[in-house]
Amino acid sequence: NVYQVTIRDDEDCQDIATAEVVAYTLPELTLVAPPAVCEGDSVLLEGPAGLATYNWSTGEETAQITVDSAGAYMLTITDENGCQNDDEVLLTSVSMPLPRIVGPESMFLGEEVNLRVLNSFVAYQWSNGATSNLITVDTPAVYFVTVTDENGCEGVAELSIAEEFGYNLYIPNAFSPNLDGVNDEFFFQSDGRSVRSVVNLQIFDRWGGLVYENKDFPLNQAQEGWDGLVNGEVARAGVYIWFATVELSTREVILVQGDVLLLGAR
């Protein structure tokens with residue numbers, strides 16, 4: 001803008017002076033920062049680039065500073081025209097999330113077990129690539145999970161699962177199919193962890209005759225076992241030889257064999 005002034009003295013003499021005034025726009029400044037700084041983390045505070053001077057409340061004189069604690073941070077900037085502007089940002093400090101994994105200390109290879117993170121978080125990232133609170137695994141290993149809370153802070157937990165070896169299989173050596181509700185069937189039982197299923201079961205009498213056969217059935221099911229009948233009739237009391245193939249949790253198929261004593265009659 002151009003401004004003009006006229007001056008006149010007592011003798012009516014006058015003079016005119018003009019001046020041009022330039023109004024500069026204040027430099028723009030808006031500090032942006034997350035609402036909180038995670039304990040142990042740092043935050044970058046940044047002013048606009050290309051200005052003449054920068055003066056932070058921390059005493060630093062660069063366009064960017066890194067802070068790692070809560071507090072109020074102010075920046076005053078000056079441009080090449082000498083115009084100044086300032087802004088302030090307030091940071092609060094929050095604790096890191098402390099997740100914990102709930103799961104077994106050991107497992108059989110191939111057994112499926114659940115791992116769960118206690119408490120709820122915004123996001124989950126497991127070492128096996130899963131992204132949910134609850135996962136299912138079938139391999140003994142060390143599992144890590146990184147969780148993110150509502151403040152964007154991350155915490156890590158781990159669980160080491162050792163490998164169990166062998167298998168648990170209970171096979172009775174006697175049964176009495178007399179319908180008294182006790183030991184009426186000959187069937188296989190397990191812990192539901194180390195053995196998947198019975199692939200084949202064959203039972204023979206003392207002369208080598210096949211009296212019973214069943215294939216591909218689960219354990220711990222009395223109705224899947226031998227009820228002591230042969231062709232609809234109760235078998236003769238005595239010792240019977242059996243052979244079975246069972247599938248372990250590792251997918252390995254093994255052969256087991258033995259004998260069972262049939263007691264009493266209906």
Side-chain angles (χ1 to χ4, degrees), residues 99-118 124 126-130 132-145 156-177 180-206 208-229 235 237-264:
R100 186 162 72 89
I101 303 173
V102 176
E105 296 181 352
S106 62
M107 62 182 289
F108 293 96
L109 183 64
E111 177 191 359
E112 293 187 345
V113 300
N114 291 328
L115 305 183
R116 180 172 61 88
V117 178
L118 283 182
Y124 308 85
W126 292 84
S127 51
N128 66 351
S132 59
N133 172 271
L134 176 68
I135 66 172
T136 301
V137 299
D138 62 3
T139 304
V142 179
Y143 292 91
F144 296 86
V145 64
V156 180
E158 71 172 73
L159 178 67
S160 179
I161 305 179
E163 181 177 355
E164 292 187 46
F165 297 92
Y167 58 90
N168 298 316
L169 187 62
Y170 171 70
I171 305 169
N173 56 17
F175 76 116
S176 55
D180 65 353
V182 180
N183 296 327
D184 285 330
E185 294 86 8
F186 170 73
F187 66 102
F188 288 12
Q189 300 176 65
S190 183
D191 53 12
R193 300 173 54 228
S194 56
V195 182
R196 289 181 179 272
S197 64
V198 179
V199 179
N200 186 52
L201 170 64
Q202 291 180 318
I203 303 176
F204 299 88
D205 60 24
R206 68 181 67 183
L210 181 64
V211 299
Y212 178 78
E213 183 175 22
N214 195 7
K215 297 181 179 181
D216 298 322
F217 59 93
L219 294 92
N220 304 316
Q221 302 290 329
Q223 65 272 22
E224 295 288 356
W226 184 33
D227 59 5
L229 297 180
V239 176
Y240 291 81
I241 307 300
W242 57 266
F243 298 87
T245 51
V246 298
E247 182 183 5
L248 305 182
S249 60
T250 60
R251 300 293 185 181
E252 178 186 3
V253 176
I254 63 171
L255 173 66
V256 290
Q257 62 186 63
D259 56 65
V260 61
L261 176 61
L262 189 153
L263 299 170

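- Separating the OG1 atom in T136 from the CG atom in N128 is a distance of 10.0 Å, to the nearest 0.5 Å.
- Side-chain contact between W226 and V211 is present, with heavy atoms from C-beta onward closer than 4.5 Å.
- For the atom pair CZ (R196) and CD (E112), the distance works out to 6.0 Å, reported to the nearest 0.5 Å.
- Taking both residues in full, the closest heavy atoms of S249 and E111 are given as CB-N, 3.7 Å, listed atom of the first, atom of the second, then distance.
- Distance check, rounded to the nearest 0.5 Å: CG of L115 to CG of L159 gives 6.0 Å.
- From Y240, atom OH reaches atom OH of Y212 across 14.5 Å, with rounding to the nearest 0.5 Å.
- Around atom OH of Y167, no more than 12 heavy atoms belonging to other residues, nucleotides or ligands sit under 6.0 Å away.
- Shortest non-hydrogen contact noted between F175 and D184 is CD1-O, 3.7 Å.
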Evaluate side chain to side chain contact (heavy atoms under 4.5 Å, CB included) for F186 paired with I203, printing each intermediate quantity in order. CA-CA 10 Å; F186 170 73; I203 303 176; 3.7 Å; yes

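- A distance of 7.0 Å separates CG of L201 from CG of N214, quoted to the nearest 0.5 Å.
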- Could you go through the side chain to side chain contact (heavy atoms under 4.5 Å, CB included) check for R116 and N133 one step at a time? CA-CA 6 Å; R116 180 172 61 88; N133 172 271; 3.3 Å; yes

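- The shortest distance between side-chain heavy atoms of P104 and V113 falls below 4.5 Å.
- Side-chain atoms of F165 and F108, non-hydrogen and from C-beta on, never get closer than 4.5 Å to each other.
- In plain terms, the two heavy atoms of S194 and G166 that are nearest each other are CB-O, 4.3 Å.
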Practice task
Report the C-alpha distance between F187 and E224 in whole Å, list the side-chain angles of each, state the deciding distance to 0.1 Å, and finish with yes or no for side chain to side chain contact (heavy atoms under 4.5 Å, CB included).
Solution key: CA-CA 7 Å; F187 66 102; E224 295 288 356; 5.9 Å; no

Steps toward side chain to side chain donor-acceptor pair (under 3.5 Å) verdict (N200, T245) | CA-CA 5 Å; N200 186 52; T245 51; 5.1 Å; no

Please walk me through it: do V199 and D216 pass side chain to side chain contact (heavy atoms under 4.5 Å, CB included)?
-> CA-CA 4 Å; V199 179; D216 298 322; 3.9 Å; yes

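- Between D259 and W242, the shortest heavy-atom contact is N-NE1, 3.3 Å.
- Taking each heavy atom of L263 and A174 in turn, the nearest pair found is CD1-CB, 4.3 Å.
- Counting heavy atoms from C-beta outward, V253 and V246 have side chains that stay 4.5 Å or more apart.
- Counting only heavy atoms from C-beta outward, the side chains of Q202 and L210 approach each other to under 4.5 Å.
- Two residues are said to be in side-chain contact when any heavy atoms from C-beta on lie closer than 4.5 Å; L118 and V102 meet this criterion.
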message = For E164 and R193: C-alpha separation, side-chain torsions, deciding distance, then whether salt bridge (charged side-chain N to carboxylate O under 4.0 Å, His left out) applies.
response = CA-CA 10 Å; E164 292 187 46; R193 300 173 54 228; 2.7 Å; yes

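- Residues P140 and L109 meet the side-chain proximity criterion, which asks for heavy atoms closer than 4.5 Å.
- More than 12 heavy atoms of other residues, nucleotides or ligands shown are found within 6.0 angstrom of CD on Q223.
- Proximity of a side-chain donor or acceptor of W126 to a complementary backbone N or O of S132 within less than 3.5 Å is detected.
- Summarising the geometry of L219 relative to S190, their closest heavy-atom pair is CD2-CB, 3.5 Å, with the distance given to 0.1 Å.
- In this structure, CD1 on I254 lies 7.0 Å from CG on L169, to the nearest 0.5 angstrom.
- Inter-residue side-chain proximity for N168 and V195 is flagged as unmet; no heavy-atom pair is nearer than 4.5 Å.
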